[in-house]
Student: 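The structure under discussion is supplied below as structure tokens; questions concerning it will follow.
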Amino acid sequence: MSDHPLEARLISHRLIADLAARTALDTRGVLRLEPTLKGLLTHLRTGTIQNLRRTDTRTTSARHDGVFVTVHNGIADVQLDIATDIAFAALEVAHAVREQIARTISHTGLIPGRIDISVLAIEHAPTAPDPLSATPSAWNRHDL
Amino acid sequence: MALDETIPRLAKLAEATRTLRDNDAEDASLQPHHAVKDSVMKVARAEVRRGSLLPVYQADQGGIRISEQAITTLIWFGADALPGVRARRCRVHPAPGTADGPRPAGTADISVSLRIAVASGTNIPRTAELLRQRIISMITAHVGLNAKAVNITVEDFYDV
């Protein structure tokens, strides 16, 4: 038996994506992660490949919408697409998310690399629906 | 194998490949579910509405970008909060010379074009100036951009 331990990758990019998503959603002022076409098509491609390989597709989920992670040489790069609450300054929220994600990645033993944040939407935080008041959709203003 | 034998065989292979591809295109079992198509189209439309992403902060450790739509929402919110003003179509453009590159927050410029309707009897010059100052301060405070030009067009009146 060899004295050298076998090398194994314990921290996968999926785990980092999960941690980044949770960290972002726990940051004050973040409403949600925003799905993008790139993310959706990546998700579909992954599902198709798993179908072709007849692997278990139950582990494929959309919970990582808006998060892209690459891990190389112990460095984790993260790209995050978020929607923020209009009651908070979006720039400060984005900075807070970057700092929190960098800290979270450091705790895994990996080195935080580039952390890019895109604020795709700024909205009011959702409130309990009131059936008596109908708020006109903001998109309708394009037609005015 | 001689060339005159190879060419007909390659032609047959090309024809067989074309037939297989055509069959796959018509095979209903290989078509994506309509829910998948709907999801893709929904996200694609949302992406078009978002417009381009404006860089507001760049560093070696990563950057922050904000969509035109997010800034537009902010402007609508600020304008609607002003008494006697209803915001309408809004366009946001990066100022010329605003390119990617290392940049601290608060140093990128944008220009804003906003169309509004005002309540009849409103003092338009004073209201427009108030609105301009409000938009400039909101954009700086919320997204760290400088609104170098805020063009306001009063295109309609409404009764109060």
Side-chain angles (χ1 to χ4, degrees), chain A residues 29 31 34-41 43-44 47-48 51 62 65-66 75-99 101-102 105 111-124 135-144, chain B residues 32-33 36-37 39-81 86-91 105-106 108 114-117 138-145 155-156:
Chain A
L31 291 180
E34 279 285 278
T36 59
L37 202 54
K38 179 183 166 191
L40 184 62
L41 294 178
H43 179 63
L44 287 173
T48 306
N51 272 332
D65 267 353
I75 300 171
D77 293 333
V78 178
Q79 188 189 326
L80 206 72
D81 301 317
I82 59 172
T84 64
D85 187 341
I86 202 163
F88 294 79
L91 185 63
E92 287 175 18
V93 173
H95 274 302
V97 170
R98 285 185 72 241
E99 287 167 12
I101 289 178
I105 290 172
I111 300 164
R114 279 190 69 87
I115 300 173
D116 292 301
I117 309 288
S118 297
V119 179
L120 300 186
I122 298 176
E123 297 172 7
H124 290 281
T135 305
S137 167
W139 314 133
N140 292 339
R141 299 191 197 218
H142 291 292
D143 304 325
L144 289 171
Chain B
H33 193 269
V36 174
K37 282 186 191 171
S39 298
V40 172
M41 290 310 295
K42 190 177 168 189
V43 175
R45 286 189 200 103
E47 213 149 287
V48 169
R49 283 196 298 263
R50 279 180 199 136
S52 58
L53 294 171
L54 307 179
V56 293
Y57 171 82
Q58 289 286 338
D60 291 339
Q61 296 80 24
I64 297 171
R65 299 182 301 169
I66 299 203
S67 75
E68 287 180 8
Q69 187 193 39
I71 299 169
T72 299
T73 305
L74 203 60
I75 293 167
W76 279 334
F77 176 70
D80 284 346
R86 287 181 188 167
R88 290 188 170 177
R89 186 184 293 262
C90 179
R91 291 286 180 268
L114 175 66
R115 292 174 178 273
I116 59 170
M138 280 192 81
I139 288 176
T140 304
H142 276 259
V143 297
L145 291 167
E155 63 177 18
D156 203 1

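Below, chains carry the letters A, B, ... as their sequence lines are ordered, and counting in each starts from 1.
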Student: Side chain, backbone, both or neither: which part of B:Q61 has an atom under 4.5 Å from a heavy atom of chain A?
Tutor: both

Student: About how many Å separate CZ of B:R50 and CG of A:D81, when rounded to the nearest 0.5 Å?
Tutor: 7.5 Å

Student: Give the minimum heavy-atom separation between B:V143 and A:A90, together with the two atoms involved.
Tutor: CG1-CB, 4.2 Å

Student: Heavy atoms only: give me the nearest B:S67-A:A121 pair and the separation to one decimal.
Tutor: OG-N, 4.3 Å

Student: Roughly how far, to the nearest 0.5 Å, is CD1 of A:I82 from CD1 of B:I66?
Tutor: 8.5 Å

Student: Which bit of B:A44 is near chain A, if near means a heavy-atom gap under 4.5 Å: side chain, backbone, both or neither?
Tutor: both

Student: So which heavy atom on B:T73 is nearest to which on A:I86, and how close?
Tutor: O-CD1, 4.4 Å

Student: Which heavy atom of A:V119 sits nearest a heavy atom of B:A70, and at what distance?
Tutor: O-CB, 4.1 Å

Student: Roughly how far apart are B:R45 CZ and A:L37 CG, rounded to 0.5 Å?
Tutor: 11.5 Å

Student: Does A:E92 have more than 12 heavy atoms from other residues, nucleotides or ligands lying within 6.0 Å of its CD?
Tutor: no

Student: Looking at A:I115, A:D116, A:L120, which one has more heavy-atom pairs under 4.5 Å with chain B than the rest?
Tutor: A:L120

Student: Closest heavy-atom contact between B:I64 and A:R98?
Tutor: CG1-CD, 3.8 Å

Student: Is it the case that over 12 heavy atoms from other parts of the model lie below 6.0 angstrom from the CZ atom of A:R114?
Tutor: yes

